[in-house]
Amino acid sequence: MVEWTDFERSTIQDIFSRIEYGVVGPAALARCLVVYPWTQRYFGSFGNLYNADAIKGNPMISKHGTTIMHGLDRAVKNMDDIINTYTELSVLHSEKLHVDPDNFKLLADCLTIVVAAQLGKEFTGEVQAAFQKFLAMVVSALGRQYH
Amino acid sequence: MYKKTNVRADLHSTKNSSGKMSLSTKDKETVKAFWSKVSGKSEDIGNDALSRMLVVYPQTKTYFSHWKELTPGSAPVRKHGMTVMKGVGDAVSKIEDLTAGLMELSELHAFTLRVDPANFKILSHNILVVFAIMFPKEFTAEVHVSMDKFLAALARALAEKYR
């Protein structure tokens with residue numbers, strides 16, 4: 001059972017209340033597809049992913065980026081029960097989408113970098129630690145139902 | 001079962017001698033261009049990246065038990081951050097052959113420092129985070145991928161002499 005300090009709780013709530021899901025989500029997903037191109041394997045039906053500009057301008061990628069942020073929002077609102085919050089989503093990613101769970105960490109790293117760029121100096125080491133701890137919990141919960 | 005995904009033309013222009021995942025001509029140009037923009041802030045970058053690493057990945061503090069203090073921004077941290085970034089800058093200048101260029105540094109890390117190579121990845125991540133914070137406009141996805149590849153290649157060259 002994970003323990004959150006008051007600082008970590010308030011930091012996560014603060015970050016997610018400040019970032020625009022429709023901006024950060026698409027930017028993080030697009031960055032992931034550019035920086036780790038093998039992740040494009042899951043988006044074969046999304047149309048043109050030929051180069052970085054195509055990826056950034058792709059409306060289906062953009063929409064999915066926003067969807068991902070709303071998925072994260074569930075954990076933000078249920079920080080004390082992230083594991084159970086993601087049971088169904090974990091099954092979905094495993095049984096239906098067949099996503100290698102290593103990819104979750106890659107997306108998490110891109111999200112960290114996008115949020116860092118947004119928050120600038122306010123993304124201190126302590127804030128980064130809290131954010132990465134939160135994302136690590138999400139990544140772990142999403143991988144839990146794989147077998 | 002899976003549709004053939006879009007083939008990326010730039011991956012096929014790689015010219016390398018090692019055959020491993022390697023830096024394309026475009027990567028090298030991107031790295032040099034970005035480095036010329038940011039190297040003036042090397043000291044701040046190194047200090048922030050190292051400080052961040054010690055806070056976010058506390059296990060890395062085990063390598064610095066000989067320092068008087070480990071607080072972010074303290075003198076030993078700032079000094080060492082500069083040392084690390086000088087090494088990165090040196091690697092940029094030797095980008096055509098990192099293995100040969102970093103041989104002495106590899107021996108240092110292998111036989112004297114004996115830093116577990118997993119930590120290179122950790123420090124690289126924090127350097128990238130600092131790039132994003134300090135240069136949000138310049139650190140685009142394209143620059144990010146080239147810098148990530150470069151730091152990974154640097155780490156590989158540093159680990160060359162380990163065993």
Side-chain angles (χ1 to χ4, degrees), chain A residues 7 24 26-58 61 97-99 105-106 108-136, chain B residues 1-11 21 24 26-27 30 44 47-61 70-74 77 81 121-122 124-152:
Chain A
F7 173 80
V24 167
L29 183 58
R31 193 168 279 253
C32 187
L33 296 173
V34 170
V35 177
Y36 309 107
W38 53 93
T39 58
Q40 292 171 28
R41 75 189 305 282
Y42 302 108
F43 300 96
S45 63
F46 277 49
N48 186 3
L49 299 178
Y50 190 67
N51 54 39
D53 286 330
I55 292 170
K56 285 183 234 184
N58 186 311
I61 292 295
L97 304 175
H98 307 290
V99 177
K105 175 129 202 335
L106 301 180
D109 282 349
C110 285
L111 188 57
T112 298
I113 284 183
V114 168
V115 169
Q118 276 255 279
L119 300 183
K121 287 213 154 48
E122 290 179 49
F123 198 69
T124 61
E126 287 82 0
V127 169
Q128 181 182 344
F131 192 65
Q132 290 193 197
K133 178 177 168 179
F134 172 77
L135 289 182
Chain B
M1 183 151 121
Y2 287 105
K3 273 163 53 176
K4 185 167 191 271
T5 48
N6 299 304
V7 171
R8 284 179 58 216
D10 58 318
L11 282 177
M21 266 193 309
S24 66
K26 183 157 179 284
D27 285 324
T30 303
D44 288 337
N47 177 46
D48 196 358
L50 201 64
S51 298
R52 234 163 244 283
M53 184 187 79
L54 297 168
V55 167
V56 182
Y57 303 88
Q59 70 271 20
T60 58
K61 291 193 289 189
L70 279 170
T71 45
S74 62
V77 174
K121 203 164 194 290
I122 290 175
S124 296
H125 169 71
N126 285 294
I127 291 173
L128 296 177
V129 169
V130 173
F131 285 155
I133 290 172
M134 291 178 67
F135 306 97
K137 287 202 163 49
E138 294 88 339
F139 195 62
T140 60
E142 293 93 319
V143 168
H144 179 166
V145 62
S146 294
M147 288 309 297
D148 191 24
K149 285 176 73 176
F150 168 68
L151 290 175

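All chains are named by letter (A, B, ...) in the order of the sequence lines, taking the proteins before the strands, and each is independently numbered beginning at 1.
Of the two parts of Phe139(B), the backbone and the side chain both hold a non-hydrogen atom closer than 4.5 Å to a non-hydrogen atom of chain A. Residue Tyr36(A) touches chain B through its side chain alone, counting heavy-atom pairs closer than 4.5 Å.
Contact between Phe123(A) and Ile133(B) at its shortest, heavy atoms only, is O-CD1, 3.7 Å. The nearest pair of heavy atoms linking Leu128(B) to Ile113(A) is CB-CD1, 3.8 Å. Considering all non-hydrogen atoms of both residues, Val56(B) and Ala129(A) come closest at CG2-N, 3.8 Å. Of all the heavy atoms in Arg31(A) and Ala141(B), the pair that sits closest is NH2-N, 3.5 Å.
For the set Thr140(B), Val130(B), Leu54(B), the entry with the most heavy-atom pairs within less than 4.5 Å of chain A is Thr140(B). Between chain A and the options Pro136(B), Pro58(B), Ala132(B), heavy-atom pairs under 4.5 Å are most frequent for Ala132(B). Counting heavy-atom pairs closer than 4.5 Å to chain B, the top residue among Lys56(A), Glu126(A), Gln128(A) is Gln128(A).
Contact of the Glu142(B) side chain with the Asp53(A) side chain is registered, since non-hydrogen atoms from C-beta on lie closer than 4.5 Å.
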